[in-house]
Amino acid sequence: MSTLLELSGIRKSFGENLVLNDISLRFPQGSATVIIGASGSGKSTLMRCINLLEELSDGQILLEGSDISAYGINLDSVRGKIGSVFQAFNLFPHLTVLENITLAPRLVQKKSKDDATVHALSLLKRFGLEDKADAYPNLLSGGQQQRVAILRAIATGPKVLLLDEVTSALDPVLIAEVLALIAELKSDGITMIISTHEMGFAKKIADSVVFLSGGVVCESGTPQQIFDNPQSPELRNFLGALHDAGRL
Ligand code: ADP
Ligand code: MG
């Protein structure tokens with residue numbers, strides 16, 4: 001598979017605190033990469049660097065071979081290619097579901113209202129949410145809100161989808177419906193980078209798993225390598241703690 005996204009020597013500091021240290025990773029076209037690691041290991045910061053919400057302290061991000069981390073890049077054009085959804089439901093509360101989904105296609109991609117609406121309704125229909133088109137987010141369940149947030153993120157047709165702990169604020173039943181949607185998007189071939197605490201899901205969906213510890217890539221490999229044959233003491237400890245907590 002060809003490389004869609006490549007991180008090369010990424011460093012990120014907040015003041016004196018070096019949070020990401022020399023991260024180099026390749027994400028093949030159409031792959032799902034799951035990022036795991038303890039709280040504070042740098043997962044969210046890495047995702048925020050990839051969609052340029054954080055300025056890199058050092059290193060490069062190449063999307064289809066071009067450097068999107070270069071000074072002076074058009075942020076809107078990059079963000080249309082990288083969709084992201086974070087843990088907290090981040091729908092606009094004063095806009096309906098349909099308005100949330102059509103906003104970026106209309107404002108950023110300059111699609112007509114009709115075109116954006118037709119596309120948004122087809123997404124909602126595909127994922128069984130068409131009856132929510134005119135609802136405001138506060139009337140939806142948490143799982144429905146996160147599914148809409150994911151549909152909003154893919155409405156611009158991004159090449160990469162970043163999902164940062166999108167189920168961690170949800171009850172188990174709602175988690176399942178969000179994970180089912182993510183699995184279906186994977187079968188569409190969108191390249192995904194996912195941080196999650198749902199290890200069962202990670203094993204199923206991941207083509208590769210990256211274990212971050214203290215801001216470095218401590219280990220990476222297939223789900224079998226990472227979960228069944230961990231090499232480093234850090235990963236063994238992490239998996240052991242998950243196991244003891246009944247989460248693995
Ligand atoms: P994770 O998502 O794996 O829990 P984060 O990326 O959120 O980890 O955080 C990694 C480290 O970076 C933590 O020590 C955190 O306190 C620090 N950090 C994250 N964002 C900021 C920020 N905006 N300012 C200062 N420190 C930050
Ligand atoms: Mg995080």
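In each ligand, atom 1 is the first atom listed, and ligand 1 is the first ligand listed. Position 1 is the first residue of the sequence; numbering continues from there.
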Engineer: What's the shortest distance from atom 10 (C) of ligand 1 to any protein heavy atom, and which residue and atom give it?
Structural biologist: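 The closest heavy atom on the protein side is Gly40 O, 3.4 Å.
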Engineer: May I ask you to say whether Lys186 pairs ionically with Asp207, meaning some side-chain N is under 4.0 Å from a carboxylate O?
Structural biologist: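 Looking at Asp207 together with Lys186, the answer is yes, because their closest N to O distance falls below 4.0 Å.
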Engineer: In terms of residue, atom name and distance, what is the protein heavy atom nearest to atom 8 (O) of ligand 1?
Structural biologist: Gly42 N, 3.2 Å
Engineer: Using 0.5 Å steps for rounding, measure from the NZ atom of Lys81 to the OG atom of Ser66.
Structural biologist: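 Those atoms lie 6.0 Å apart.
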Engineer: Counting only heavy atoms, tell me which of Ser44, Gly37, Cys49, Ser41 gets closest to atom 7 (O) of ligand 1.
Structural biologist: Ser44
Engineer: Run the salt-bridge test on Arg126 and Asp188 with the 4.0 Å N-O cut-off and return the result as yes or no.
Structural biologist: yes
Engineer: Of the non-hydrogen atoms in Lys132 and Leu140, which two are nearest, and what is the gap between them?
Structural biologist: CD-CD2, 3.5 Å
Engineer: When you measure from atom 5 (P) of ligand 1 to every protein heavy atom, which one gives the shortest distance, and what is it?
Structural biologist: Thr45 OG1, 3.6 Å
Engineer: Where the side chain of Arg79 meets the backbone of Leu52, is there a donor-acceptor pair that is under 3.5 Å apart?
Structural biologist: yes
Engineer: Heavy-atom distance from atom 15 (C) of ligand 1 to the protein below 4.0 Å?
Structural biologist: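 No; the ligand atom in question lacks any protein heavy-atom contact below 4.0 Å.
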Engineer: Report the nearest protein non-hydrogen atom to atom 27 (C) of ligand 1: residue, atom name, distance rounded to 0.1 Å.
Structural biologist: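 The protein heavy atom lying closest is Phe14 CD1, 3.2 Å.
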Engineer: Against heavy atoms of Ser39, which atoms of ligand 1 measure under 4.0 Å?
Structural biologist: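 The list of qualifying atoms is 4 (O).
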Engineer: Assess, by modelled atom type and distance only, whether the side chains of Ser112 and Asp114 contain a donor and an acceptor separated by less than 3.5 Å.
Structural biologist: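 No pair is found: no donor N or O on one side chain lies under 3.5 Å from an acceptor on the other.
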Engineer: Consider ligand 1: state whether an atom of it lies below 4.0 angstrom from any non-hydrogen atom of Ser195.
Structural biologist: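 Not so, Ser195 does not reach ligand 1.
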Engineer: Enumerate the atoms of ligand 1 whose separation from the nearest heavy atom of Ala38 is less than 4.0 angstrom.
Structural biologist: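 It comes down to these atoms of ligand 1: 3 (O).
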Engineer: Taking all atoms of both residues into account, what is the closest heavy-atom pair of Ala153 and Leu161, and its distance?
Structural biologist: CB-CD1, 3.8 Å
Engineer: At what distance is the nearest protein heavy atom to atom 11 (C) of ligand 1, and which residue and atom is it?
Structural biologist: Val19 CG1, 3.5 Å
Engineer: Of the non-hydrogen atoms in Gln145 and Leu91, which two are nearest, and what is the gap between them?
Structural biologist: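 For Gln145 versus Leu91, the nearest heavy atoms are O-CD1, 3.6 Å.
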Engineer: Under 2.8 Å from the Mg ion (ligand 2), protein N/O/S atom count?
Structural biologist: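 Of the protein's nitrogen, oxygen and sulfur atoms, 1 lie under 2.8 Å from the Mg ion (ligand 2).
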Engineer: In the complex you have, is atom 3 (O) of ligand 1 within reach of the protein, judged by whether a heavy-atom distance drops under 4.0 Å?
Structural biologist: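 True for atom 3 (O) of ligand 1.
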Engineer: Would you say the side chains of Glu219 and Ser232 form a donor-acceptor pair under 3.5 Å?
Structural biologist: yes
Engineer: Using the six-membered ring of Phe14, assess whether NZ or CZ of Lys12 lies under 6.0 Å from its centre and within 45 degrees of the ring axis.
Structural biologist: yes
